[in-house]
There are 2 protein chains.
Amino acid sequence: MFWEDGAVASTKRLSNRGSGRRAELLAIAGELFATRGFLATTVRDIADAAGILSGSLYHHFDSKESMVDEILREFLDAQRETNEQVLREASDPRAAIAELIRRSFGAMRRYRAAIAIFQNESNYLGGFERFGYLQQAAEDFERTWTSLLQDGRRAGVFREDLDPKVTYRFMRDMVWTAVHWYDPRGNLTADAIADQYIEILCDGIVSRE
Amino acid sequence: MFWEDGAVASTKRLSNRGSGRRAELLAIAGELFATRGFLATTVRDIADAAGILSGSLYHHFDSKESMVDEILREFLDAQRETNEQVLREASDPRAAIAELIRRSFGAMRRYRAAIAIFQNESNYLGGFERFGYLQQAAEDFERTWTSLLQDGRRAGVFREDLDPKVTYRFMRDMVWTAVHWYDPRGNLTADAIADQYIEILCDGIVSRE
DNA sequence: GTCTATACAAAGATAGAC
DNA sequence: GTCTATCTTTGTATAGAC
């Protein structure tokens, strides 16, 4: 199968925490959830991809929901940690924004599947109480970015004629949707794309001569 | 139900073409597909929302797939027409890009549900032969925008240090993802958001003083 | 154009043997 | 940790009456 290499590779990377088999199955499930969608992926699909039968999955997990839950929590925990660190260490708003963008692209190496799932399935999963933390994470995220934008605006670094809320959504969409086409094995490194995005965001596409 | 007003209103607008009932049911189905997702919406959901029983839907449509097919085709036909018109009439690349962005936001009035479905479900639906036109539409779209970007680059209007492909994806994502949060009844008109997006895209968020 | 009734398939999940 | 076997629910779709 086309994704097998990737799944196995990321499995190796994750195998230091928790039971190896568990992490392996999560990597496989995550890849399927990300590419086909959560609802479109059956537990039989996951089992097939893992080379076992569907019933055997329930030895490791309560339900399909538990699997996606675990995948999302791991990613969001790491993401919150990253955001806090950037806010602590950044010297000025522009540098902080640039760093957040760079880190977001960087996260695609390890959490590409989780990011795609978060993007694509939050709307559906958010409807269940169990996944209430998804909306919380989105709000955390919004607070981080808008506070930086407002700081920069007050400091005269960012334009004053732009609505911070519109600008925030602009940036958020810009960063996260890249997960749909970003290919970690392609020509463009995550950093190269991030730099171009930062360029466009800060200075626009219009020539200055 | 919270969306009922919207569905009924857009039904009125569409009732001039085709059987009234058919268009009405499509508007209801489209709203559900857009907000809950295609797979998460059952034919019973659609029938409930329409105040009839699920079996009755099959008097109007072959299948759930036929419904989403019809919704998507109508939107994509209109969109192709719009793109061609803009290309024909635009005076220069920058004006054309700005007009495309403005029209894309403008399309949200009439095709908000279809745009969301196209965004969210292309990945899944594109896997079926019947929906091969989805990928074609995406390619058409890419051709239109990248040709404009390259023209503008050659003419010295756009920066030469940006990869046109990266820039294209940046713009595409920027425009289409707004459908996730754009509220036609909110404070911001589609044109107001479009203008801010054009501003950011062309000149960036950094202050020029 | 809608209802009643139901066929049929697929999906999530469980129990107990190995 | 996986398999066999199976239960239960849900969802798509059909047939024929009204």
Side-chain angles (χ1 to χ4, degrees), chain A residues 7-8 11 14-15 17-33 35-72 117 120-121 124-125 127-131, chain B residues 7-8 11-12 14-15 17-33 35-72 117 121 124-125 127-131:
Chain A
V8 169
T11 291
L14 300 171
S15 59
R17 52 143 181 70
S19 123
R21 188 55 171 154
R22 187 185 184 79
E24 197 171 3
L25 293 171
L26 276 183
I28 290 167
E31 205 59 37
L32 289 171
F33 292 156
T35 54
R36 300 187 190 173
F38 178 69
L39 287 171
T41 302
T42 70
V43 296
R44 286 182 176 86
D45 288 337
I46 302 168
D48 284 354
I52 59 178
L53 290 183
S54 65
S56 306
L57 274 178
Y58 290 84
H59 173 72
H60 302 277
F61 306 96
D62 287 355
S63 63
K64 196 170 89 162
E65 275 187 15
S66 294
M67 292 188 222
V68 78
D69 182 65
E70 202 160 321
I71 292 166
L72 287 170
I117 297 167
N120 299 331
E121 319 290 351
Y124 170 70
L125 294 174
F128 302 95
E129 282 177 34
R130 171 174 197 172
F131 292 95
Chain B
V8 168
T11 290
K12 289 274 154 58
L14 300 171
S15 60
R17 53 146 178 73
S19 127
R21 188 56 171 152
R22 188 185 182 78
E24 198 171 2
L25 293 171
L26 276 183
I28 291 167
E31 205 58 38
L32 289 171
F33 293 157
T35 54
R36 301 188 191 173
F38 177 70
L39 286 171
T41 302
T42 71
V43 297
R44 283 191 246 264
D45 289 336
I46 302 168
D48 284 355
I52 59 179
L53 289 183
S54 65
S56 308
L57 273 179
Y58 290 86
H59 173 72
H60 303 276
F61 305 96
D62 288 355
S63 63
K64 197 171 88 162
E65 275 187 15
S66 294
M67 294 189 221
V68 78
D69 182 64
E70 204 161 319
I71 292 166
L72 288 171
I117 297 166
E121 319 290 350
Y124 171 71
L125 294 174
F128 302 96
E129 283 177 35
R130 171 174 197 171
F131 292 95

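Everything numeric in this text was worked out from a predicted model, so none of it was measured. Proteins get letters first, then strands, A, B, ... in listed order; numbering begins at 1 in each.
- When side chains are defined from C-beta on, B/R21 counts as touching B/I52, because their heavy atoms get closer than 4.5 Å.
- Along DNA chain D, the nucleotide nearest to A/R44 and the one nearest to A/G51 differ in position, and the one closer to the 5' end is contacted by A/G51.
- B/I46 and B/L32 make their closest contact through CA-CD1, 3.8 Å (heavy atoms, listed as atom of the first residue, atom of the second, distance).
- The strand DNA chain C forms stems, runs of 3 or more Watson-Crick or G-U wobble pairs with distances below 3.5 Å, at C:1-18 with D:1-18.
- Residues A/V68 and A/E121 have side chains not in contact (no heavy-atom distance under 4.5 Å, counting atoms from C-beta outward).
- Using a 4.0 Å heavy-atom cutoff across all strands shown, A/L53 reaches at least one base atom of the nucleic acid.
- Across B/L57 and B/A47, no two heavy atoms sit closer than the pair CD1-N, 3.9 Å.
- For residues 53-65 of chain B, the salt bridge (charged side-chain N to carboxylate O under 4.0 Å, His left out) pairs, not counting sequence neighbours, are B/E65-B/R130.
- Using a 4.0 Å heavy-atom cutoff across all strands shown, B/R21 reaches sugar-phosphate atoms only and no base atom.
- The shortest non-hydrogen separation linking B/L25 to B/A50 is CD2-CB, 3.5 Å.
- Evaluation of the ring-ring contact (aromatic ring centres under 6.0 Å, His included) rule for B/F61 yields no partner, not counting sequence neighbours.
- Between A/F131 and A/L125, the shortest heavy-atom contact is CB-O, 3.4 Å.
- The ring-ring contact (aromatic ring centres under 6.0 Å, His included) test applied to A/Y58 returns no partner, not counting sequence neighbours.
- From the 5' end on, the contacts that DNA chain C makes with chain A at under 4.0 Å to a non-hydrogen atom open and close at C/dA11 to C/dT14.
- Non-hydrogen atoms lying under 4.0 Å from DNA chain D are contributed by A/S56, A/H59, A/H60, all within residues 54-70 of chain A.
- Between A/G30 and A/I117, the shortest heavy-atom contact is O-CD1, 3.7 Å.
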